[in-house]
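Single-structure report; data block below.
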Amino acid sequence: MADGEPLQYAAMAEHSYDPQSVELRAQAWWRDNQSFRATEDAGRQKYYCLSMFPYPSGKLHMGHVRNYTIGDVISRYQRMLGRNVLQPMGWDAFGLPAENAAIQNRVPPAKWTYENIDVMRGQLKRLGYAYDWDREVTTCSPEYYRWEQWFFTRLFRKGLAYKKNAVVNWDPVDQTVLANEQVIDGRGWRSGAVVERREIPQWFLKITDYAQELLDSLDQLTGWPEAVKTMQRNWIGRSQGVEIVFPVADGGESLKVYTTRPDTIFGVTFMAVAAEHPMVAPVAERDPEVARFVEECRQGAITEADIETMEKKGLPLGLEAVNPLNGERIPIWVGNFVLMSYGTGAVMGVPGHDQRDWEFARRFGLPVAPVVRPADGSDPGIDQAAYEDKGVLYNSGEFDDLEFQEAFDAIAERLERDDRGERRVNFRLRDWGVSRQRYWGCPIPIINCPVCGPVPVPDDQLPVVFPEVTQLEAGLDRARLTESFMRTTCPECGGPAERETDTFDTFVESSWYFARYTSPGCETGMVDGRADHWLPVDQYIGGIEHAVLHLLYARFFHKLMRDEGLIHSDEPFTRLLTQGMVLNEIFYRKSADGRIQYFNPAEVEVRADEKGARTAVLASDGGPVESAGIGTMSKSKNNGVDPQRLIDRYGADTVRLFMMFASPPEQTLDWNDDAVAGSFRYLRRLWSLVQNHADLIANAPESPGGKDLDPELQAIRTTTHDILDRVCRDYERHQFNTVVAACMELTNLLEKHDWQAGGESGASVLREAVTILLKVLAPVVPHICHVLWERLAFQGGLLDAAWPEVDRQALVRESVVMVVQVNGKRRAEIEVPSGAADDGVREAALANPRVQHHVQGKSVRKCIVVPDKLVNLVVG
Ligand code: ANZ
Ligand code: ZN
């Protein structure tokens, strides 16, 4: 930030704008009046406005400030419209960084977390957000996660939570499970040891039971960005296909595959199964090469994205399948690109029409047989790549000449009739693995009994709380929890048993916090009857990075809670706003050994010469630094701006104003120090404008409406309502940047007029305009508006002042008659609003039938407008 403009409050006149004292004063008033306490009031329409809660990492960053300012502006606006607004805040407080801090600094995770929360709560309060702090939710507190555990035991009894083996990252040196973030280039972050994949039993939630509903109800979410819904649809990944049974030659057990392209069945030239497919193990036992391959796959990539790009490998198993439609024998391979977790863990290889299969076939010399061609009968051209389009069948016996859908249906029917296949719907979505082998998370409330198996902890023994630790080594494993915690008795048989030590994925906590806010202090369950009063959330605001997982899990939990009878709506978030990233320039130096060091823009001076060429130097040593352009503010690029520094320097209102003015909420925001200073200067002008005329305004008649005003005052009034009209529309569209621009325009206009000389009607026009200005700016810069409102001695708090109404009468400007000339000859007269813009005048002139008659067939070369008098069209 450029330090060009020192703020010397003390030296300023008494009247000058001092944001620190203004903001303290407004905040004290809100606090004393408990202004943001929400109550369930059946008489008023509720409005639940929610911003995604932060992880308490230490202090707020600009992304938070942007998110929370947007939410606060919407909340305050809705409140002025008369709605009963709930806007809560809380902490997504479990997670890995607290464990890392514990390891590095030897502070207990709880202490570190709660200290961070205190700092960040203070920052949020300093920003003046209208939160009901009585509803604060902290997910790491047993009062919160108790109910998560309670809910999990119910899901378990319903069969919606279950245990199965799944792969984890195992650090063989630290002897601990690693989170994905702790694996760097395949090695443990602390030990540097090569990470192994291990299979251990873990807990899953059956989100797949809700896949169809999660997909279908996206259509109801008309208040969501299309892009987010598309991402969710793709993630759920519904596909329609056929499960086909291929008999195995010489009497082995048959092989089932899932395909979305049964129309290509005559083009199958190999089969491929996953390394974990049950067909492989017996072969591996007698064939060491296959055994080695299976072992190699076990260590390889696991994600679907990896599968797309990785090198396709495989080995023939020496078995053959039989094509159920033409009896051909087909070799069965094991392939590293087949996922055991999708479909049946086996695929039919059609190299002619699937690129992946094509590459595999090329590599291993398998035949490529085309069976689908373009509708015009031309050659599909499979020499360079597979032909993946849907087309018309050939080389397919009795199914020749059928188009895709006809062929799909005919082949599916035939297979079904022969008992060789079945139509099936498949989802890409997998069940949600919620187990984490971490300490700083919600303990999974299960007791593992050697006799009864996993048994849920009874309600009256909840919450299950881990013993406090002051020091964590590399992570949590059983040995680090005390014996006395681990050892327990089985609630069912009373025999000796052990507690589960896994904790929940922190996405579990964030999947229902929005519901808990509605029922603070509830001691009977996750929520009580108050939940139905507030839910669903009317407006949710957060980052696009949560488009898939968090939002999908929260939707899932909402439906789970509905089916448990806790709430009675289908979807949690009616409208969703995804705010854009905050960007800033990135500066760096590359040292001789190729290492890159980043410098914060605050430490860099940028100079431009006369030609506009920029040079950037590090302020401390004067040496040049390179710019890597603009990028998301991040720790790794050291290009963040600390909101606290700005608040200390300019106050919260300036930060809020800049945030809203710099760009519309959904777009990226380029950081700009000059614009921040400009926002401050605007508030100072607003302050002076109102202060300088405060007594005049306070004593003026309330409304100038309906009175005969002189033309200049009338014009100001018209513009005021014109601007208000735009502002109202822009608030509804969440275009806060143009709201601010319009307010600046109005301020400029009001500054130009000499009000002290204007008499009573002038004072009344000013009073109306300033009232409107303070009201519409209040959601954005609530502190300064509150204090100025008070200064004007207006009745009631500004918070609950009614939103101003546009006076339609004031919008109508007087009309004038203008002469229209065509090529200098007078041809018609038109009536237009006085002061109408040139474009409007031109349009009105061209719409006149007599003018049209003279313009016909020619083009308008020029249009000269003498305002309010004459318009001359030059045609030819
Ligand atoms: C033959 C075929 C021919 C295929 C063709 C595609 C194109 P979606 O749409 O995502 O459901 N597949 C099935 N199970 C698989 C597994 N376990 N691992 C890897 N791939 C698998 O994709 C379905 C398609 O993905 C299936 O259709 C199958 O390849 C492949 F010209 O079968 B197809
Ligand atoms: Zn038991």
Side-chain angles (χ1 to χ4, degrees), residues 211 233-244 246 255-277 279-280 297 301-308 310 312 314 321 323 325 330 333-361 368-373 380 382 385-391 393 396 404 407-408 411-412 421 423-430 446-458 488-499:
R233 280 190 193 103
N234 292 340
W235 189 262
I236 295 167
R238 184 184 196 270
S239 76
Q240 260 168 309
V242 181
E243 239 175 46
I244 305 177
F246 284 70
L255 180 59
K256 205 188 257 179
V257 304
Y258 174 71
T259 178
T260 46
R261 294 293 303 272
D263 58 314
T264 63
I265 190 166
F266 285 80
V268 177
T269 61
F270 67 92
M271 309 292 281
V273 300
E276 304 92 326
H277 195 279
M279 178 173 270
V280 178
C297 288
I302 31 171
T303 72
E304 245 175 271
D306 290 339
I307 296 246
E308 286 290 322
M310 73 188 193
K312 276 72 186 172
N323 189 321
L325 288 194
I330 315 157
W333 287 58
V334 53
N336 67 346
F337 59 91
V338 187
L339 294 168
M340 193 56 219
S341 54
Y342 191 70
T344 61
V347 301
M348 59 183 217
V350 185
H353 303 288
D354 181 279
Q355 187 57 27
R356 190 182 58 189
D357 295 349
W358 187 90
E359 282 160 24
F360 190 80
V368 180
V371 294
V372 175
R373 62 183 169 195
I382 51 163
Y387 176 74
E388 293 192 313
D389 292 355
K390 287 167 184 171
L393 268 57
S396 299
F404 171 76
F408 184 112
I411 289 171
R423 268 173 270 220
R424 264 196 72 128
V425 167
N426 248 315
F427 292 93
R428 216 190 67 116
L429 185 67
R430 301 270 74 97
I446 291 287
I447 290 165
N448 294 309
C449 170
V451 180
C452 315
V455 178
V457 175
T488 185
T489 47
C490 171
E492 255 160 43
C493 69
E498 266 194 356
R499 287 190 187 279

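Whatever order the structure lists ligands and atoms in, that order sets their numbers, starting from 1.
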Problem - Ligand-residue contact atoms, ligand 1 with Y258, heavy atoms, under 4.0 Å - result: 11 (O), 13 (C), 26 (C), 28 (C)

Handout entry: Which residues share a side chain to side chain donor-acceptor pair (under 3.5 Å) with R261, sequence neighbours left out
Key = D263

Practice task
Pull out every atom of ligand 1 sitting under 4.0 Å from any heavy atom of F337, numbered as shown with elements.
Solution key: 19 (C)

Completion exercise
Any heavy atom of R356 under 4.0 Å from ligand 1? The part involved is side chain

Problem - Counterpart residues, side chain to side chain donor-acceptor pair (under 3.5 Å), relative to Y258 (two or more places apart) - result: S239

Problem - Close side-chain approach of D357 to F337, heavy-atom, < 4.5 Å - result: yes

Problem - Non-hydrogen side-chain atoms of V242 and F408 separated by less than 4.5 Å - result: yes

Completion exercise
When rounded to the nearest 0.5 Å, the distance separating CD1 of I244 from CG of L325 is 7.5 Å

Practice task
Can you sort out the partners of W333 under ring-ring contact (aromatic ring centres under 6.0 Å, His included), two or more places apart, ordered by chain and number?
Solution key: F360, F364

Problem - E388 side chain vs Q355 backbone, donor-acceptor pair below 3.5 Å - result: yes

Problem - Any side-chain heavy-atom pair of N323 and I265 under 4.5 Å - result: yes

Practice task
Using a 4.5 Å cut-off on heavy atoms from C-beta on, say whether the side chain of Y342 contacts that of N426.
Solution key: yes

Handout entry: V457 side chain reached by R499 side chain, heavy atoms, under 4.5 Å
Key = yes

Problem - Contact check, R428 vs ligand 1, heavy-atom distance below 4.0 Å - result: no

Problem - Contact (N/O only, under 3.5 Å) between D357 and ligand 1 - result: no

Completion exercise
Going by the 4.0 angstrom heavy-atom rule, the piece of T260 near ligand 1 is both

Completion exercise
Under 4.0 Å between heavy atoms, the region of V347 that gets near ligand 1 turns out to be side chain

Exercise for the section: Taking only heavy atoms of H353 into account, list the atoms of ligand 1 that are under 4.0 Å away from them. Expected result: 5 (C), 31 (F)

Exercise for the section: Take the Zn ion (ligand 2) and tell me which protein N, O or S atoms are nearer than 2.8 Å. Expected result: C449 SG, C452 SG, C490 SG, C493 SG

Problem - I411 and L393, any side-chain heavy atoms less than 4.5 Å apart - result: yes

Practice task
State, with a plain yes or no, whether a side-chain heavy atom of V372 is found less than 4.5 Å away from one of K390.
Solution key: no

Practice task
Kindly confirm or rule out an N or O of S239 lying under 3.5 angstrom from an N or O of ligand 1.
Solution key: yes

Practice task
Check each atom of ligand 1 against the heavy atoms of T264 and keep those under 4.0 Å away; list them by number with element.
Solution key: 3 (C), 31 (F)

Completion exercise
atom 17 (N) of ligand 1: of D389, L339, V371, V372, the nearest heavy atom sits on L339

Handout entry: Atom indices of ligand 1, in the order listed, that fall short of 4.0 Å to a heavy atom of D354
Key = 5 (C), 6 (C), 7 (C), 31 (F)

Problem - Min N/O separation T259 to ligand 1 under 3.5 Å - result: yes

Practice task
Taking T264 for its side chain and V350 for its backbone only, find out whether a donor-acceptor pair lies under 3.5 Å.
Solution key: no

Handout entry: Proximal atoms of ligand 1 relative to V338 (non-hydrogen, under 4.0 Å)
Key = 16 (C), 17 (N), 18 (N), 19 (C)

